[in-house]
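Lettering follows sequence order; numbering is per chain, from 1.
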Amino acid sequence: MAHFFLHTLIGQVILTVLEALAVLVPLLLGVAYLTLAERKVMAAMQLRKGPNVNGPFGVLQAFADAIKMITKETVIPSGANRFLFLFAPFLTFSLAMTAWAVIPTNDGWAVANINVGVLYLLAISSLGVYGVLIAGWASNSKYAFLGGLRAAAQMVSYEVSIGLVIVSVLLAVGSLNLNDIVLAQRHVWFCLPMFPMFIIFFISALAETNRAPFDLPEGESELVAGFFVEYSALAFGLFFLGEYANMFLMSGMVSILFLGGWLPPIGIAPFTWIPGPLWLIAKILFCLFVFIWVRATFPRYRYDQLMRLGWKVFLPLSLVWMVLTAGFLLATGLLPQGGAS
Amino acid sequence: MMTQIVFYVFATVLVLSAGMVVSARNPVHSVLFLILAFFNAAGLFLVAGAEFLAMILVIVYVGAVAVLFLFVVMMLDVRFAQMREGLQRYAPFGAAVGLVLLAELALAFSHWQVAQDIGSVPHVVAAPGRTNTAALGDVLYTHYVFLFEACGLVLLVAMIGAIVLTLRERPMGRRQNIDRQHERTAADTLTMMTVPLGQGVAANGGFRRPEHSYYIASVPGSYGVTEEPVPQGKSVDETGQGGLGAENHGGLAQ
């Protein structure tokens with residue numbers, strides 16, 4: 001009976017909504033606690049205590065921040081384009097959520113297991129720049145505009161190297177499906193044979209999410225806060241949530257492309273007892289820790305150095321590696337004969 | 001049924017936003033409507049079952065080309081009043097060009113020819129059971145690889161041409177040569193000197209201090225003057241025997 005109901009149209013809709021909630025609710029909770037974790041971890045690295053007043057170890061700080069953000073007044077600058085000004089944070093936030101539809105958390109466990117999953121992720125992450133660009137323009141403020149322009153140039157530059165890194169991974173997999181990409185890493189995670197690409201991808205992910213040391217779009221010392229200078233209250237909160245959800249997404253992509261997704265490090269007994277989703281979560285958390293670690297360690301890049309790194313270092317390196325990968329796979333006969341649906 | 005509804009939704013929004021691209025007053029709004037149009041075109045591709053083309057459309061056109069459009073258009077300083085002035089002058093010319101194009105279109109449609117023997121054109125039949133990504137790859141990279149690579153070369157030449165036309169080595173400004181910075185060692189820039197201790201050094205370590213400061217009185221000999229510091233100012237003179245008091249207070253009373 002229940003089985004029959006699930007195959008009707010309404011049943012499918014309800015099922016999809018439930019699946020989406022099963023992904024988004026943990027994600028938003030994770031975002032809330034990532035802000036706390038970032039402050040705590042950075043505090044520990046700088047010999048401070050971090051937030052420790054609200055609740056034990058400050059665990060309620062995330063909710064205190066959220067309540068503060070919601071109850072404040074949304075200020076819209078008089079010269080701003082009202083619709084676009086409010087549309088930009090919604091765009092950033094909803095794109096960060098949309099991408100999670102294709103992330104597989106276990107074998108076959110994805111809201112949408114589509115056969116161009118990687119391209120979908122690439123498409124969604126390349127749209128992220130619009131939220132920033134529109135916010136910078138619609139604020140009608142010079143600081144915000146400069147921040148928006150910087151963000152656009154930066155994100156477009158680093159997407160190129162991200163794309164080429166993904167191509168070398170795809171060469172070794174022979175499929176664009178994220179599920180297949182994880183299953184191809186049963187024997188060895190791609191971070192070992194493709195270690196340089198793993199590093200390039202991780203650094204590009206830092207630049208793509210506008211994180212330190214590439215946080216030039218918001219560089220507070222020269223641009224006040226960059227593209228969201230004029231934002232306050234809930235609109236600011238949506239930007240904030242979107243950026244942190246993007247960090248989760250990029251960590252998820254690193255885990256799936258290079259760290260074996262839900263697979264345990266070795267497929268033997270004590271490791272296989274832990275369920276797959278927990279492995280994926282552990283890997284994502286590890287990547288997020290490195291994100292924070294990097295922020296606490298490195299000073300910000302200068303703008304021309306950032307562009308030089310993207311175009312003159314990462315792009316040629318990933319291009320050469322792509323050719324090397326293809327050549328190696330062809331020479332050893334390991335080239336996967338993909339394409340069968 | 002469902003597919004048709006989805007198709008008409010995408011198609012309607014596509015046509016409307018395409019209309020807004022040309023009719024919007026603000027050029028930034030035009031570009032944003034263009035992006036919306038791209039999006040809906042990608043949606044139509046999805047409905048038609050061409051998921052690879054849909055994703056590539058979003059990645060290439062929305063994610064890269066339109067970003068650069070938006071980038072440029074946002075920085076343009078468009079004066080709308082000036083544009084309206086131009087409209088009157090150029091309207092007849094524009095109308096003439098439009099009429100010629102319309103006439104040509106009419107001619108083309110009235111003499112439309114369809115090739116009869118379509119079966120003789122060599123084309124590739126995709127193997128059954130392949131995803132359409134793989135089928136596209138077969139066509140582009142296996143059957144028509146030379147044509148495809150030639151297209152790539154044409155684009156490369158265009159790109160190099162654009163760079164050559166616009167790149168000028170301007171002498172102004174200083175550029176950072178990172179390799180040179182990396183090659184620099186301490187030996188290139190530093191020479192270690194052995195200086196005899198305490199010789200050729202100004203008294204007080206060469207530090208300059210303001211001439212009249214409380215420091216003279218508070219730290220005797222700190223200015224390198226050996227004689228008794230004589231504090232300047234009226235207050236000392238007035239107190240007369242206040243020299244002792246000034247010393248006791250560390251000169252801060254001044």
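A side chain to side chain contact (heavy atoms under 4.5 Å, CB included) with B/Glu51 holds for exactly one of A/Leu176, A/Asn115, A/Leu119; it is A/Asn115.
Other residues, nucleotides and ligands contribute over 12 non-hydrogen atoms within 6.0 Å of the CZ atom of A/Phe85. Counting non-hydrogen atoms of neighbouring residues, nucleotides and ligands closer than 6.0 angstrom, the OH atom of B/Tyr61 reaches no more than 12 such neighbours. Residue-environment remark: OH (A/Tyr303) exceeds the threshold of 12 foreign heavy atoms within 6.0 Å.
Using a 4.5 Å cut-off on side-chain heavy atoms (C-beta onward), A/Leu149 and B/Met75 make contact.
Proximity to chain A (any heavy atom under 4.5 Å) is restricted, for B/Ile178, to the side chain, taken from C-beta onward. Residue contact with chain B, scored on non-hydrogen atoms closer than 4.5 Å, involves the side chain of A/Leu127 exclusively.
Remark: B/Ile35 CD1 to A/Ile134 CD1 distance equals 6.5 Å, nearest 0.5 Å. Expressed to the nearest 0.5 Å, how far CG of A/Leu121 lies from CE of B/Met55 amounts to 9.5 Å.
A donor-acceptor distance shorter than 3.5 angstrom exists from the side chain of A/Tyr130 to the backbone of B/Val62, with no hydrogens or angles considered.
For the set B/Ala54, B/Ala64, B/Gly63, B/Gly137, the entry with the most heavy-atom pairs within less than 4.5 Å of chain A is B/Gly63.
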task = Go through the steps for B/Leu70 and A/Trp137 under the test side-chain contact (heavy atoms from CB on, under 4.5 Å), then give the verdict.
result = CA-CA 10 Å; B/Leu70 201 58; A/Trp137 184 77; over 6 Å; no
Review point. When you look at A/Leu84 and B/His29, which way does the side-chain contact (heavy atoms from CB on, under 4.5 Å) test go after all the steps?
Key: CA-CA 10 Å; A/Leu84 288 179; B/His29 292 177; 4.0 Å; yes
